[in-house]
Structure formats: C-alpha cells, structure tokens
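Step one of this worksheet: look at the structure below.
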Amino acid sequence: MAKAAQANIGVVGLAVMGSNLARNLASRDGNTVAIFNRSYEKTATLLAEHPEAHFVPATSYEEFAAALSKPRTALIMVQAGAGTDAVIDALTAVFEPGDIIVDGGNALFTDTIRREKAVREIGINFVGAGISGGEEGALLGPSIMPGGSAEAWKTLGPILRSIAAVAEGEPCVTHVGTDGAGHFVKMIHNGIEYADMQLIAEAYDLIRHGTGATPAEIADIFTEWNAGELESYLIEITAEVLRHVDTKTGKPLVDVILDQAGSKGTGVWTVQTALDLGIPVSGIAEAVFARALSSKPAQRAAASALPGPSAPLTVTDSAAFVEDVRQALYASKIIAYSQGFDAIVAGAEQYNWDIKKGEIAKIWRGGCIIRARFLNRITDAYAENPGLVALVTAPFFTDVVTTTQEAWRRVVALAAQSGIPTPSFSSSLAYYDGLRAERLPAALVQGQRDFFGAHTYKRIDMEGIFHTLWSGDRTEIETEGSSH
Ligand code: 6PG
C-alpha cells in the first residue's frame with residue numbers, strides 16, 4: 001500500500017518507455033517516483049527488478065494521488081490516443097487544482113491543445129511533452145520538448161532538467177511554448193527523423209549498387225563519415241545495423257529483413273500539418289511516401305517486370321563516387337532540417353507559440369534520434385540572425401551547399417539514369433533549385449488558372465489584380481477581386 005505523500009513525481013504506464021523514464025527519474029538525487037500501471041503485474045516486475053530504486057508503488061489512482069506531494073506531478077506514458085484520454089480522466093478525478101499532468105507520449109498536437117484546454121478548465125495544468133531518444137534515451141537521458149503553461153514549467157523544469165540528456169553542459173530540455181507546442185515540435189522532429197533515415201538509406205543503396213560494396217564494407221564507410229561533419233546518431237546506428245550478421249543464415253541481417261518499412265504515424269502527421277500550413281516539406285514527404293511505396297507488395301510485384309534503363313549503375317572511381325554520395329547526403333540533410341524549421345516557424349505563427357528556433361536546435365543536440373554535430377551550426381545560424389527566412393541561406397549552410405551542390409547534381413542525375421530510386425535526394429535538390437530560381441513557371445500556372453477559372457493574377461510591372469479575356473479580343477482587365 002502506498003504511504004502518503006512521499007513522491008515528488010509519478011509515472012503512469014510502465015511499458016518500456018514508462019519504466020525506463022521512471023528508473024531515470026528515480027536515479028536522480030532528491031526524486032522519489034510514484035508508479036502506477038493499469039495491471040499491477042508490470043509495477044511488480046519493475047519493483048522486483050529494481051529494488052534499490054526510490055519507487056512508491058500504487059495499486060489505484062487514489063493511492064497514486066495520495067503518494068504524491070503537492071503540486072502533484074504525473075507523467076503519463078501510455079499509447080497515444082484513447083488510452084491517454086482515459087488516463088487523463090482518471091487522474092483529473094483524483095487530482096486537485098494546481099496539480100500537473102504531463103503526457104509524454106507521441107500525441108497529435110491538436111489533441112494536446114484540446115486536452116490542455118479541457119484540463120485547464122478544472123484548474124489542473126496539462127503539459128504535452130515530446131520525449132525523444134527511444135528506450136535507451138528514456139533511461140539515460142532523452143531530449144524533452146514540453147509545452148503547457150509557464151506555471152507548470154516552474155515545477156516541471158527542474159525535474160525534467162534532472163533527467164534530460166546533456167549536450168555541451170546544457171540539459172536537452174526547454175519550455176517550447178504553450179499548450180501543444182511541445183508535441184508539435186516533437187512531431188516535426190520525427191518528420192526530420194524520417195527524412196534523415198530515408199536519405200541515409202538512399203546513400204547506402206547507391207553505394208551498394210554503384211560500387212558492389214558489401215553491407216559490412218558500407219558500414220565502414222558510414223563509420224568513417226561519422227568522424228566528420230555528418231557525425232550523428234543515425235549514421236552511427238546505421239553502421240551497426242549494416243554490420244550485423246543474421247545468426248540464422250550467416251547473411252548480413254539487412255539482406256534478410258523484409259523491405260517494407262512501417263510507421264506509427266508521426267511522419268504522416270508532419271506532412272499533413274505542413275500541407276495545411278502551406279509549407280513544402282518535400283524531403284520529409286518523400287520519406288513518408290517511400291515507406292508507403294515499400295509497403296505495397298502487390299503493386300511492386302506487378303510492376304517488377306517493367307523496363308528500366310539498359311545499363312545498370314556503373315562507377316569507375318568508387319572512392320570519388322562515395323564522396324559524391326556523402327556530399328549529396330549532407331546537402332539533402334540540410335534541406336530536410338531547413339524544411340522542418342520552416343514548418344516550426346509556420347506552426348508557431350498559426351498557433352501563437354513563441355518558439356525559439358535556436359533553443360530547439362540546442363535541445364536536439366543530445367538524447368534525441370536526430371542528434372547530430374551540425375545542430376550546433378543551426379543554433380549559431382539562428383543566434384546570428386533570429387529572423388533568418390531560410391536556414392539554407394545562413395552563411396555556414398550556403399558555404400556547404402556551394403561546396404556540395406555539384407556532387408549532389410551528379411548523384412541525382414546518375415541515380416535517375418541508372419534507375420535507382422532516390423526520392424529524398426532528388427526532391428531535396430529540386431526544392432533547392434526551386435528556392436533559388438530567379439523566375440519560376442508558377443507564372444504559367446497562374447495564367448492557366450486565370451484561363452479556365454478566372455482566378456486572376458498579379459503583374460510584375462504594375463499594382464493590381466488582373467484577369468485576361470482569353471477569347472475574343474484577348475485584353476487584360478483590372479479586376480476588383482483578390483488574386484488567389
Ligand atoms: C524518438 C522516436 C520515437 C519513435 C517514433 C517513430 O524520437 O524517440 O521518434 O518517437 O521511434 O515512434 O516511429 P515510426 O518510425 O514507427 O513512426
């Protein structure tokens with residue numbers, strides 16, 4: 001039975017992420033952690049496996065509430081969706097005004113906005129917190145992206161700082177913004193994660209086809225890349241995945257894994273949200289679509305006999321090709337982050353959040369899945385110019401694309417010629433060229449829209465909204481309507 005008011009924080013939901021966060025919390029000085037799970041079995045297991053941890057087990061929500069000192073602070077770690085609502089209902093029934101409920105799952109940010117509003121109405125604080133870093137991060141130090149009120153942050157800040165990863169002496173957690181801001185930023189993090197993973201996968205595929213290197217040899221290439229400007233968690237683990245040999249067959253494990261990529265939805269949300277906000281996150285979108293395409297076995301089987309290029313990819317200078325791919329990966333990766341930050345800016349504007357982009361880059365430097373050396377450069381870029389309109393135009397990134405763009409073009413062209421799908425490499429390059437184009441064929445699109453729908457257009461040489469009488473005397477008239 002729980003003893004009264006011993007714990008300063010509680011965790012509800014003791015699957016792997018919840019258990020690991022509870023252990024992480026309990027391992028920090030001064031923390032005592034109330035733990036509760038719907039079925040007591042998981043609570044008992046956690047207690048039995050970690051008898052030394054400062055846990056206070058609870059068998060009911062009433063006991064859980066009684067175990068917590070005020071303001072009560074509870075971290076919910078259950079599967080996002082209806083389960084989260086059920087736990088919130090149960091907690092609000094036993095909590096009091098001023099208490100704090102934190103949802104650490106991968107919730108859709110609009111659900112978090114809705115929940116925050118409903119819970120606030122009864123005087124309880126609700127914080128949607130994105131938590132990244134997987135199982136190991138949860139245990140040893142994740143990157144944490146909390147939203148919610150400034151009042152809740154006062155209590156929560158020191159607790160979250162105590163368990164977060166540390167990068168260059170700073171904890172990887174900041175108060176991102178109000179209500180759903182934290183889950184919004186976590187969603188974009190995951191979108192960038194999808195793009196980064198797809199780009200790395202395309203680099204691997206190109207090198208394998210182009211040079212005939214084995215997965216283990218490509219692992220060595222990635223390990224080498226990880227010592228340079230591409231240093232990141234995803235490059236590091238990719239090398240490990242490629243090096244892994246299947247114990248059943250003795251083959252590289254990557255060759256026996258079914259090539260159909262799954263997803264839990266956060267990448268899709270990023271793209272759906274970006275579409276609503278009108279932000280081209282093409283690198284992220286292509287990564288989501290690449291997973292979707294991979295998971296269409298019937299279509300792939302039906303199309304497998306369709307013609308491809310007459311000559312396969314042949315590379316004469318393997319080392320030069322690998323270096324081209326590395327540069328193409330770096331450039332494309334910058335575009336993915338640039339697009340992700342554009343979505344954050346647009347989301348902040350739409351939902352009235354004061355999100356500090358440099359701070360976001362900072363808390364992504366450690367603990368999270370997209371942690372990477374070059375995030376420091378993003379922090380610097382926003383520190384130097386908080387009003388930066390496109391990350392890729394910051395001096396450091398402009399220098400990188402100046403150095404890498406020729407290689408990037410060679411790789412994309414060669415991939416197209418050789419029939420190797422590189423949707424994220426190619427779309428990132430197309431985005432880059434679209435962004436820097438002096439004049440886009442959007443002018444023609446406006447003409448087409450005006451032709452069939454009288455949608456009007458603006459001119460480059462005079463103010464006003466125009467419509468052309470396309471048949472008859474074909475004259476331009478100025479209209480009252482607004483161009484759209
Ligand atoms: C993290 C990860 C984590 C998880 C996602 C994405 O930041 O720790 O993003 O949240 O891996 O669920 O998974 P899917 O690839 O299954 O969508």
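In listed order, ligands and their atoms are each counted from 1.
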Whether the K264 and N106 side chains hold a donor-acceptor pair (N or O, under 3.5 Å, no angle test) is what I'd like checked.
no
Nearest to atom 13 (O) of ligand 1, what protein heavy atom do you find, and at what distance?
K264 NZ, 4.1 Å
Donor-acceptor pair between R243 and T223 side chains, under 3.5 angstrom
yes
Between the side chains of S149 and N125, does any donor sit under 3.5 Å from an acceptor?
yes
List ligand 1 atoms under 4.0 Å from N190, heavy atoms only on the residue side.
5 (C), 6 (C), 7 (O), 9 (O), 10 (O)
Answer side chain, backbone, both or neither: which part of R291 comes under 4.0 Å from ligand 1, heavy atoms only.
side chain
Heavy-atom nearest neighbour of atom 11 (O) of ligand 1 within options H189, K186, E193
E193
Taking N or O atoms only and a 3.5 Å limit, does G134 qualify as a polar contact for ligand 1?
yes
Can you tell me the protein heavy atom closest to atom 7 (O) of ligand 1 and the distance?
S132 OG, 2.4 Å
Taking 4.0 angstrom as the limit and counting only heavy atoms of G133, give me the atoms of ligand 1 inside it, by number and element.
1 (C), 7 (O), 8 (O)
Does the side chain of T249 come under 3.5 Å of the side chain of D246 through a donor N or O and an acceptor N or O?
yes
Nitrogen or oxygen of I369 less than 3.5 angstrom from that of ligand 1
no
Indicate whether the side chain of Y204 and that of R208 have a donor and an acceptor atom separated by less than 3.5 Å.
yes
Return the closest protein heavy atom for atom 17 (O) of ligand 1 as residue, atom name and distance.
Y194 OH, 2.5 Å
Step through it carefully: locate the ring centre of F396, locate the ring centre of F374, and say whether they are under 6.0 Å apart.
no
Minimum-distance protein heavy atom relative to atom 12 (O) of ligand 1
N106 ND2, 3.6 Å
Go through the steps to decide whether W408 and Y432 satisfy the test ring pair (Phe, Tyr, Trp, His ring centres under 6.0 Å), and finish with yes or no.
CA-CA 11 Å; W408 196 10; Y432 171 74; 5.3 Å; yes
